[in-house]
> 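One structure, as structure tokens, below. Some questions next.
All residue numbers refer to positions in the sequence shown, counting from 1.
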Amino acid sequence: MGFKDVEVVIYMGEYQILGGKRLSGRLRITGGKNAVLPILASTVINKGESVIHNCPMISDTLTTVAILKSLGCSVKTEGSTMIVNSAPACRWEVPEELVREMRSSTLFMGGLLGRFGKVTICRPGGCDIGERPIDLHEAALTLLGAHIRKEHGFLYCETEGLSGAKIVLGFPSVGATENAMIAAVCAEGDTSIQNAAREPEIVDLQKFLNSMGADVRGAGTGRIEITGGRRLGRAEHTVMPDRITAGTYLIAAAITGGNVLLTHVAPDHLTPVTSKLQEAGCEIKEGASTIFLDAPSALRSVSRIRTQPHPGLPERVKGRF
């Protein structure tokens with residue numbers, strides 16, 4: 001992990017941690033998991049090469065790569081850089097065993113519909129937060145022209161051609177926003193996504209899509225505008241840092257009375273977390289791409305911690321407080 005004086009023993013997938021020690025050190029934050037997954041899924045639509053830097057080499061990333069390969073794409077890994085060539089992609093059925101491993105596999109729906117006009121995928125797994133239906137994904141894709149049939153736990157989606165549409169999400173779902181963005185890039189005409197998710201990962205996906213020639217505007221706000229049908233080509237992008245990982249490290253140092261310097265981080269993405277840590281008595285110093293935290297020996301109590309869609313506190317970070 002990079003912290004000093006931490007004793008962690010791993011036995012056959014089980015972690016045994018001896019706590020009660022002050023954590024301190026310097027850590028480099030890797031690329032964001034929730035940013036890289038939709039980016040990798042969207043590589044299928046440009047029918048060419050995508051060079052993606054700062055990819056976190058974790059199980060979800062590797063599962064996404066396995067899905068890309070199953071569809072016929074070629075994927076090369078050079079350190080933390082992945083080079084995806086989607087030109088040879090020729091299949092639109094996402095393997096059931098891979099979908100069961102990872103909920104984010106649903107993000108292939110929009111891209112495969114845009115590329116092939118069809119996609120077959122089972123209902124997803126891989127989420128420990130609880131039941132999280134994908135009805136918002138389905139509704140958005142239907143508005144863009146998809147016909148969805150459900151049988152025996154599978155979704156069979158087809159379209160005679162995606163067309164731009166006005167999409168108003170009933171909730172600012174991150175995944176539904178991302179799926180709609182990817183599909184809308186392939187649709188003919190203009191698309192408006194209202195009540196869109198505003199997470200930094202949405203902005204990162206916009207940057208990647210635009211790097212391949214798409215016209216996407218407004219990410220980071222509640223309204224995203226897309227002009228579809230543009231010619232897409234080679235793309236290159238560096239994935240944003242993982243704000244959930246960064247927040248977890250900050251909290252780990254704070255609750256043990258320690259200190260930590262995070263590098264390759266985006267301080268603006270951590271404001272909901274750092275504001276609460278300052279309220280608890282921690283000293284926070286931010287640079288252009290660094291955050292330093294120095295915690296007191298005893299933290300002060302803070303007001304109620306409530307999770308909300310961005311720019312509120314993320315659900316997965318709340319559990320660390």
Side-chain angles (χ1 to χ4, degrees), residues 1-37 52-62 77-82 128-129 199-201 204 238-303 305 307 310-321:
M1 185 166 72
F3 282 171
K4 301 175 183 177
D5 302 324
V6 180
E7 186 173 349
V8 180
V9 183
I10 305 175
Y11 297 103
M12 299 297 290
E14 175 184 306
Y15 290 87
Q16 294 187 1
I17 302 171
L18 303 179
K21 296 184 178 181
R22 181 175 182 269
L23 302 181
S24 64
R26 176 189 178 105
L27 292 162
R28 175 180 176 138
I29 301 302
T30 59
K33 181 203 80 168
N34 292 331
V36 75
L37 300 184
I52 307 167
H53 305 290
N54 200 33
C55 296
M57 296 304 169
I58 57 177
S59 60
D60 279 4
T61 305
L62 300 179
T77 302
E78 299 176 358
S80 63
T81 295
M82 287 192 172
D128 59 6
I129 291 179
E199 274 73 1
E201 291 81 7
D204 214 38
T238 298
V239 177
M240 60 168 271
D242 196 312
R243 61 194 177 98
I244 306 300
T245 298
T248 300
Y249 285 140
L250 290 172
I251 293 168
I255 63 178
T256 62
N259 59 68
V260 63
L261 174 64
L262 302 183
T263 67
H264 298 81
V265 68
D268 289 349
H269 297 172
L270 274 297
T271 301
V273 178
T274 53
S275 62
K276 283 296 180 183
L277 290 171
Q278 287 177 312
E279 187 180 340
C282 296
E283 178 186 0
I284 303 284
K285 294 181 180 179
E286 298 179 351
S289 60
T290 61
I291 299 178
F292 174 76
L293 175 143
D294 190 19
S297 56
L299 296 175
R300 297 194 298 262
S301 62
V302 299
S303 57
I305 296 175
T307 59
H310 191 80
L313 190 74
E315 175 72 35
R316 290 189 178 273
V317 170
K318 177 186 176 183
R320 276 68 165 173
F321 272 96

> Kindly write out the residues that satisfy side chain to side chain donor-acceptor pair (under 3.5 Å) with Glu286, not counting sequence neighbours, or none if the list is empty.
none
> Please find the pair of heavy atoms, one from Pro56 and one from Thr30, that lie closest to each other, and give the distance.
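Minimum heavy-atom separation between Pro56 and Thr30: CB-OG1, 4.3 Å.
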> Please determine whether side chain to side chain contact (heavy atoms under 4.5 Å, CB included) holds for the pair His269 and Glu201, giving the CA-CA distance in whole Å, both sets of side-chain angles, and the decisive distance to 0.1 Å.
CA-CA 10 Å; His269 297 172; Glu201 291 81 7; over 6 Å; no
> To check you understand the geometry: which heavy-atom pair defines the closest contact between Thr81 and His53, and what is its length?
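It is OG1-ND1, 2.9 Å.
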> Let me confirm one number: the CG-SG distance from Asn259 to Cys282, rounded to the nearest 0.5 Å.
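With rounding to 0.5 Å, CG (Asn259) is 10.5 Å from SG (Cys282).
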> Say you draw a straight line from OG1 of Thr248 to CG of Leu250; how long is it, rounded to the nearest 0.5 Å?
8.5 Å
> Write down the atom of Pro296, the atom of Gly281, and the distance for their closest heavy-atom approach.
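Residues Pro296 and Gly281, closest heavy atoms: CD-O, 3.4 Å.
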> Short question: side chain of Thr61, backbone of Met57 - any donor-acceptor pair under 3.5 Å?
no
> Mark yes or no for whether Asn54, through its side chain, and Val239, through its backbone, hold a donor-acceptor pair below 3.5 Å.
yes
> With rounding to the nearest 0.5 Å, note down the distance linking NZ in Lys33 to SG in Cys55.
14.5 Å
> Evaluate the criterion side chain to side chain contact (heavy atoms under 4.5 Å, CB included) for residue pair Tyr249 and Ile29; output intermediate values, then yes/no.
CA-CA 9 Å; Tyr249 285 140; Ile29 301 302; 3.8 Å; yes
> As a quick check of understanding, evaluate side chain to side chain contact (heavy atoms under 4.5 Å, CB included) for Ser289 and Val265, giving each step before the final call.
CA-CA 5 Å; Ser289 60; Val265 68; 5.5 Å; no
> Heavy atoms only: give me the nearest Ile255-Leu299 pair and the separation to one decimal.
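Minimum heavy-atom separation between Ile255 and Leu299: CA-CD1, 4.0 Å.
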> Treating Glu283 as the side-chain partner and Asp294 as the backbone partner, does any N or O pair qualify as donor plus acceptor under 3.5 Å?
no
> Where do Thr290 and Lys285 land on the side-chain hydrogen bond (donor to acceptor under 3.5 Å, both in side chains) test, with the steps shown first?
CA-CA 8 Å; Thr290 61; Lys285 294 181 180 179; over 6 Å; no
> Within the distance-only criterion (no hydrogens, no angle test), does the side chain of Arg243 pair as donor or acceptor with the backbone N or O of Gly32 below 3.5 angstrom?
no
> What's the separation between atom CE in Met82 and atom CD1 in Ile52, rounded to the nearest 0.5 Å?
8.5 Å
> Please name the pair of heavy atoms, one in Gly257 and one in Arg22, separated by the smallest distance, quoted to 0.1 Å.
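Scanning both residues completely, I find the closest heavy atoms to be O-NE, 2.8 Å.
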> To the closest 0.5 Å, what do you measure between CG (Leu293) and CD1 (Ile284)?
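These two atoms lie 4.0 Å from each other.
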> Taking all atoms of both residues into account, what is the closest heavy-atom pair of Lys276 and Val302, and its distance?
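Smallest heavy-atom distance, with atoms named: O-CG1, 3.8 Å.
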> Apply side chain to side chain contact (heavy atoms under 4.5 Å, CB included) to residues Leu23 and Val260 and explain how you reach the verdict.
CA-CA 8 Å; Leu23 302 181; Val260 63; over 6 Å; no
> Okay, side chain of Thr256, backbone of Ala253: is any donor-acceptor separation there less than 3.5 Å?
yes
